[in-house]
Undergrad: 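Can you read through this structure? Questions will come right after.
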Amino acid sequence: MTNFIKRLAPVLLMGLVVFVISACSNGGNDSNGASGEKEASKWEEIQEEGKLVVATSGTLYPTSYYEEGSDKVTGYEVEVVREMAKRLDLDVEFEEMGFDGMLTSINSGKVDLAANDITSTDERMEKFTFSEPVKYSYGTAIVRKDDLSGIESLDDLEGKIAAGASTTVYMEVAREHGAEEKIYDNATNEQYLRDVSNGRTDIILNDYYLQTLALAAFPDLNITIHPDIEYYPNNQHIVMKKDSGELETKVNETIKEMKEDGTMKELSEKFFNGADVSVKPDLDIEE
């Protein structure tokens with residue numbers, strides 16, 4: 001037995017050495033690379049750069065737009081982000097693009113956030129991280145004033161032409177009700193509205209607050225908000241990449257702080273004609 005143990009000892013010793021080397025190797029090399037250095041988080045990268053890069057359209061009044069004669073983008077969510085960046089001791093750089101490119105740019109890392117009246121949906125929430133709501137709203141419909149575009153309810157959209165961007169929740173509603181799509185690439189509000197007024201399209205499904213302000217900006221057009229169409233209560237958020245960790249925490253903490261100290265309400269009233277979109281509207285709308 002003693003001779004057997006003696007013969008076995010070198011094998012056991014070699015196994016122990018391999019185990020120790022392996023354990024040390026695993027301790028010094030994690031999934032982030034052979035060097036053992038932990039990969040920097042998105043938040044750490046942003047801090048290192050000293051700025052937030054944010055996707056927005058620059059054409060969606062009053063969320064993201066240019067005032068006449070100004071070369072500086074502004075708007076409700078633009079200013080929410082500016083204030084957020086200030087409180088986080090960061091600069092902010094806006095990258096302007098159409099809505100359909102914003103979520104792609106988040107996933108590719110081209111931008112850190114997107115701020116453009118983006119609504120949370122179950123499908124989007126599986127792919128992206130959404131902040132605390134910065135706006136609460138519901139859907140309405142712009143139609144021609146003289147005949148309501150021949151529409152009494154959403155069930156009458158079969159064969160009608162709905163204007164919008166292809167990936168918005170509102171165009172999804174239009175498709176579900178049989179409308180024909182007329183897709184615009186980062187067009188201005190005026191182009192959307194004039195096309196309904198002159199009959200090139202029939203309806204624009206969109207957010208209530210945005211619709212009311214758009215109408216007020218073009219009072220001479222033959223358009224109105226449909227009196228009987230209210231649907232889809234929803235929330236709008238700042239959007240970031242899935243599993244953003246500390247970045248998500250910082251964004252949400254700052255939004256909550258801005259709500260509590262009245263900053264969000266003040267910005268809302270400035271851009272939404274006195275309305276506070278940072279609180280839920282008291283309406284009985286079917287989900």
Side-chain angles (χ1 to χ4, degrees), residues 39-47 49 51-60 63-64 73 75-85 87-88 90 92-139 164-176 183-186 205-207 209-210 232-259 264 277-278 280 287:
E39 184 179 348
S41 70
K42 185 63 175 175
W43 173 244
E44 289 170 332
E45 291 176 3
I46 290 169
Q47 285 186 303
E49 290 290 326
K51 67 179 180 181
L52 284 168
V53 182
V54 184
T56 195
S57 68
T59 60
L60 185 61
T63 294
S64 172
V73 68
Y76 174 60
E77 287 190 28
V78 167
E79 298 306 331
V80 165
V81 169
R82 278 204 175 102
E83 179 63 22
M84 179 192 303
R87 295 184 185 208
L88 294 173
L90 297 168
V92 60
E93 176 183 312
F94 291 101
E95 290 281 344
E96 293 175 25
M97 61 188 72
F99 175 79
D100 293 344
M102 292 181 189
L103 301 185
T104 301
S105 294
I106 289 174
N107 266 344
S108 70
K110 181 179 179 180
V111 301
D112 305 315
L113 308 172
N116 204 70
D117 205 59
I118 301 175
T119 301
S120 58
T121 66
D122 291 341
E123 182 180 358
R124 288 176 183 168
M125 290 178 75
E126 290 178 0
K127 301 175 182 178
F128 301 92
T129 292
F130 285 74
S131 73
E132 287 285 314
V134 296
K135 178 168 162 279
Y136 297 89
S137 192
Y138 59 97
S166 62
T167 58
T168 65
V169 294
Y170 297 104
M171 188 56 80
E172 183 178 340
V173 171
R175 281 194 294 266
E176 288 174 354
I183 303 303
Y184 295 78
D185 183 20
N186 212 29
L205 299 181
N206 211 322
D207 170 86
Y209 293 108
L210 299 185
Y232 190 61
N234 56 78
N235 309 327
Q236 284 70 47
H237 314 252
I238 307 300
V239 185
M240 62 205 89
K241 198 169 185 177
K242 192 73 173 175
D243 301 321
S244 286
E246 194 171 0
L247 173 60
E248 178 186 0
T249 300
K250 295 293 184 182
V251 168
N252 283 334
E253 286 177 349
T254 309
I255 289 173
K256 289 177 181 177
E257 180 183 283
M258 291 167 67
K259 286 183 177 181
M264 200 77 77
V277 303
S278 68
K280 289 183 178 181
E287 296 280 349

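Every value quoted in this text rests on a predicted model; they were computed, and no experiment measured them.
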Undergrad: Compare every heavy atom of I183 with every heavy atom of A165, then report the nearest pair and how far apart it is.
TA: C-CD1, 4.2 Å
Undergrad: Under the 3.5 angstrom rule, does the side chain of T56 hit a backbone N or O of A115 as a donor-acceptor pair?
TA: yes
Undergrad: Could you list the residues that satisfy salt bridge (charged side-chain N to carboxylate O under 4.0 Å, His left out) with K280, not counting sequence neighbours?
TA: none
Undergrad: With no hydrogens and no angle check, do the side chains of N116 and S57 hold a donor and an acceptor under 3.5 Å apart?
TA: yes
Undergrad: Quick one: list whatever passes side-chain contact (heavy atoms from CB on, under 4.5 Å) with E126, sequence neighbours left out.
TA: none
Undergrad: Which residues pass the side-chain hydrogen bond (donor to acceptor under 3.5 Å, both in side chains) test with E93, sequence neighbours left out?
TA: K51
Undergrad: Would the distance check show the side chain of Y232 and the main-chain N or O of Y170 forming a donor-acceptor pair, the cut-off being under 3.5 Å?
TA: no
Undergrad: Under the ring pair (Phe, Tyr, Trp, His ring centres under 6.0 Å) definition, can you give me all pairs with a residue in residues 234-257, not counting sequence neighbours?
TA: F130-H237
Undergrad: Working to the nearest 0.5 angstrom, can you tell me the gap between I118 CD1 and F99 CZ?
TA: 5.0 Å
Undergrad: Applying side-chain hydrogen bond (donor to acceptor under 3.5 Å, both in side chains), can you list everything that pairs with Q236, at least two apart in sequence or on another chain?
TA: T119, K135, N234
Undergrad: Is the backbone N or O of S131 less than 3.5 Å from a side-chain atom of N252, with the two atoms forming a donor-acceptor pair by type?
TA: no
Undergrad: For E253, enumerate each residue passing the side-chain hydrogen bond (donor to acceptor under 3.5 Å, both in side chains) test, keeping only those at least two apart in sequence or located in another chain.
TA: none
Undergrad: Output every pair passing ring pair (Phe, Tyr, Trp, His ring centres under 6.0 Å) with a member in residues 103-125, not counting sequence neighbours, ordered by first then second residue.
TA: none
Undergrad: Tell me every residue that passes side-chain contact (heavy atoms from CB on, under 4.5 Å) with T129, counting only those two or more places apart in sequence or in another chain.
TA: M240, K242, E248
Undergrad: Passes side-chain contact (heavy atoms from CB on, under 4.5 Å), V169 versus R124? Steps please.
TA: CA-CA 10 Å; V169 294; R124 288 176 183 168; 4.0 Å; yes
Undergrad: Among all residues two or more places apart in sequence or in another chain, which pass the ring-ring contact (aromatic ring centres under 6.0 Å, His included) test with F128?
TA: none
Undergrad: When rounded to the nearest 0.5 angstrom, what distance separates CG in D112 from CG in L247?
TA: 7.0 Å
Undergrad: Where is the tightest heavy-atom contact between G164 and M171, given as atom of each residue plus distance?
TA: N-CE, 3.4 Å
Undergrad: Between the main-chain N or O of L60 and the side-chain N or O of S64, is there a donor-acceptor pair closer than 3.5 Å?
TA: no
Undergrad: With sequence neighbours left out, what residues match E79 under salt bridge (charged side-chain N to carboxylate O under 4.0 Å, His left out)?
TA: R82
Undergrad: Taking only residues two or more places apart in sequence, or in another chain, which ones meet R87 in a side-chain contact (heavy atoms from CB on, under 4.5 Å)?
TA: E83, T254, E257, M258, D261, T263
Undergrad: Mind checking what makes ring-ring contact (aromatic ring centres under 6.0 Å, His included) contact with Y136, not counting sequence neighbours?
TA: none
Undergrad: Check the surroundings of atom CD in E176: do more than 12 heavy atoms from other residues, nucleotides or ligands lie under 6.0 Å from it?
TA: yes
